[in-house]
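Here the structure is laid out as structure tokens; the discussion comes afterwards.
For clarity, every value in this text was computed on a predicted model and none was experimentally measured. Heavy-atom basis, side chains included; hydrogens, waters and symmetry copies ignored. Throughout, numbering of the chain's residues begins at 1 and tracks the sequence.
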Amino acid sequence: MKTALLISTYNWVEALELVLESVLQQTQLPDEILIADDGSKTETKECIAAFSKKINRPVKHFWQEDNGFRKSKILNKAIAGSIADYIIQVDGDCILHRHFVSDHLAHKQQNTYLYGSRVNIKEGFVNQVLTKKIIQFNYFSKQIKNKTRTLHIPFFSNLYKAHEGISKKFRGCNVSYWRADFIAINGYNEDFEGWGKEDSDLAVRLGNLGVKAKRLRYAGIVFHIWHHIKSKENVAKNTAMEEDAANQKMVKCEHGVSQYL
């Protein structure tokens with residue numbers, strides 16, 4: 001079985017550098033690293049090129065022209081270009097706990113996707129974290145809140161069982177799924193443009209396919225670097241599309257990954 005770590009990014013190279021450094025510290029590496037780049041400038045390309053020289057795994061950089069928030073499209077392109085059977089997905093502002101990849105792989109199940117915990121780095125400490133390149137945190141770290149989410153207790157993780165429906169705890173910045181299930185629902189719906197809801201729409205349609213969800217708690221941890229939220233001008237439209245997918249029991253979207261396969 002082949003695995004891929006998928007990282008989405010857009011024009012925040014200082015954060016991406018820390019995320020990639022945390023990849024190097026993983027106790028278990030994926031078979032390939034996919035970078036889904038929604039139109040970043042040259043600095044990001046240079047950062048990824050430097051990283052690729054430090055790791056003995058293929059690093060695939062997928063880039064598209066900066067034409068607004070088109071995360072769904074670039075994620076589809078990246079997964080279409082992957083050889084992996086199993087995809088572990090994070091955002092380029094989420095530093096990985098050193099057992100992040102191994103936790104997701106240890107808890108994977110057929111006909112199930114995983115959604116993990118997110119620890120938030122406080123706004124007032126972002127400059128310190130970026131400047132000092134801090135990538136390790138624990139319960140006592142002053143830079144974070146949601147401190148109980150830092151606890152890595154794999155035994156407790158086993159108490160969480162797969163369930164139907166999308167959880168309010170679901171976050172697209174920390175999720176893993178089978179590539180075959182992703183392709184079966186035609187991946188991300190590219191009708192979602194602008195910030196918001198493309199990830200929960202994916203989870204809704206996976207559920208409509210019959211794929212269960214499982215919370216990855218006390219494992220699979222990421223540390224989210226605080227930032228201003230991007231424009232929410234499309235949120236109402238995107239929310240309506242997500243609700244339609246749920247109400248109509250939609251499985252496949254029309255404009256998805258199939259156009260790149």
Side-chain angles (χ1 to χ4, degrees), residues 1-8 18-36 51-52 54-60 62 75 78-92 94-119 135-137 149-163 166-167 169-185 187-188 199 202-203 206-207 209-224 257:
M1 185 195 79
K2 299 290 186 181
T3 62
L5 177 64
L6 171 60
I7 305 170
S8 60
L18 298 192
V19 176
L20 295 179
E21 183 61 31
S22 72
V23 174
L24 294 174
Q25 303 301 318
Q26 291 299 295
T27 55
Q28 181 175 355
L29 288 173
D31 293 293
E32 62 179 5
I33 293 94
L34 315 172
I35 313 289
F51 166 72
S52 67
K54 300 177 182 178
I55 191 167
N56 63 343
R57 294 289 190 277
V59 178
K60 300 178 180 179
F62 299 85
L75 288 171
I79 293 173
S82 174
I83 63 166
D85 304 293
Y86 196 73
I87 308 293
I88 305 169
Q89 182 177 324
V90 298
D91 286 349
C94 290
I95 299 167
L96 313 182
H97 185 282
R98 67 191 188 97
H99 293 303
F100 177 79
V101 171
S102 62
D103 285 340
H104 271 272
L105 295 180
H107 289 270
K108 71 183 184 304
Q109 299 176 12
Q110 291 292 336
N111 198 44
T112 304
Y113 70 85
L114 305 177
Y115 58 99
S117 298
R118 181 179 76 175
V119 181
I135 63 169
Q136 295 184 13
F137 306 89
R149 296 181 192 171
T150 67
L151 298 175
H152 186 260
I153 312 173
F155 173 78
F156 285 176
S157 297
N158 295 326
L159 302 178
Y160 288 80
K161 305 302 181 184
H163 61 84
I166 182 172
S167 168
K169 302 287 187 180
F170 174 85
R171 298 290 183 274
C173 65
N174 185 351
V175 62
S176 63
Y177 44 83
W178 295 94
R179 185 174 182 269
D181 292 336
F182 182 87
I183 291 172
I185 65 170
Y188 281 97
D199 49 0
L202 183 84
L206 282 171
L209 180 68
V211 178
K212 291 186 176 181
K214 182 182 176 183
R215 188 180 182 194
L216 193 52
R217 184 74 163 95
Y218 300 109
I221 302 163
V222 300
F223 303 92
H224 177 252
V257 71

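Panel note: side chain Glu32, backbone Ala4; no donor-acceptor pair is recorded below 3.5 Å. The backbone N or O of Ile166 lies less than 3.5 Å from no partner atom in the side chain of Lys169, so there is not a single donor-acceptor pair. Asn174 contributes no side-chain N or O that, together with a main-chain N or O of Val90, makes up a donor-acceptor pair within less than 3.5 Å. Between the side chain of Arg149 and the backbone N or O of Arg118 there is at least one donor-acceptor pair closer than 3.5 Å. Within the 3.5 Å criterion, the main-chain N or O of Val19 finds a donor-acceptor partner in the side chain of Ser22.
At a threshold of 4.5 Å between non-hydrogen side-chain atoms, the residues Lys60 and Ile83 count as touching. For the pair Tyr115 and Arg171, the minimum side-chain heavy-atom distance is 4.5 Å or more. Residues Val59 and Phe51 meet the side-chain proximity criterion, which asks for heavy atoms closer than 4.5 Å. In this structure, the side chains of Leu29 and Leu24 stay at 4.5 Å or more apart for every pair of heavy atoms. Using a 4.5 Å heavy-atom threshold, the side chains of Leu159 and Arg217 count as separate. Within the 4.5 Å cutoff, the side chain of Ile88 has heavy atoms near those of the Tyr86 side chain. Side-chain contact between Val222 and Ile95 is absent, with no heavy-atom pair separated by less than 4.5 Å. Counting only heavy atoms from C-beta outward, the side chains of Val257 and Tyr188 never approach each other to under 4.5 Å.
Residues Ile33 and Arg57 share a closest heavy-atom pair of CD1-CB, 3.8 Å. Looking at every heavy atom in both residues, Phe100 comes nearest to Ile221 through CD1-O, 3.6 Å. Scanning all heavy atoms of the two residues, the minimum distance from Ile87 to Ser82 falls at CD1-OG, 4.0 Å. The nearest pair of heavy atoms linking Val101 to Gln26 is N-OE1, 3.0 Å. Residue Leu202 comes nearest to Tyr177 through the heavy atom pair CD2-CE2, 4.4 Å, listed as atom of the first residue, atom of the second, then distance. Nearest heavy-atom pair across Lys214 and Tyr160 is CE-O, 3.0 Å.
By the salt bridge (Lys or Arg N to Asp or Glu O under 4.0 Å) test, Lys108 pairs with no residue at all, sequence neighbours left out. With sequence neighbours excluded, no residue forms a salt bridge (Lys or Arg N to Asp or Glu O under 4.0 Å) with Asp103.
We find the NE2-CG distance between His107 and Leu216 to be 5.5 Å, quoted to the nearest 0.5 Å. To the nearest 0.5 Å, atom CD1 of residue Ile7 and atom CG of residue Leu75 are 11.5 Å apart. Distance NZ/Lys212 to CD/Gln109: 9.0 Å, rounded to 0.5 Å. Separating the CG atom in Asp85 from the OG1 atom in Thr3 is a distance of 9.0 Å, to the nearest 0.5 Å. For the atom pair CG (Asp181) and CG (Asn111), the distance works out to 6.5 Å, reported to the nearest 0.5 Å. Put simply, CZ on Arg179 and NZ on Lys2 are 13.5 Å apart, with the number rounded to the nearest 0.5 Å.
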Criterion side-chain contact (heavy atoms from CB on, under 4.5 Å) on Leu5 and Val23, from CA distance to verdict: CA-CA 9 Å; Leu5 177 64; Val23 174; 3.7 Å; yes
Intermediate values then yes/no, ring pair (Phe, Tyr, Trp, His ring centres under 6.0 Å), Phe156 and Tyr218: CA-CA 7 Å; Phe156 285 176; Tyr218 300 109; 5.5 Å; yes
Val119 vs Phe137, side-chain contact (heavy atoms from CB on, under 4.5 Å): CA-CA, chis, key distance, verdict: CA-CA 10 Å; Val119 181; Phe137 306 89; over 6 Å; no
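Within 6.0 Å of atom CD in Gln136, 12 or fewer heavy atoms from other residues, nucleotides or ligands are found, so the atom counts as exposed in its surroundings.
Asp91 and His224 form no side-chain donor-acceptor contact under 3.5 Å, judged by distance and modelled atom types alone. Inspection of the Ser176 and Tyr113 side chains reveals no N or O donor paired with an N or O acceptor under 3.5 Å.
Aromatic ring orientation, His152 versus His97: parallel (interplanar angle below 30°, classes split at 30° and 60°).
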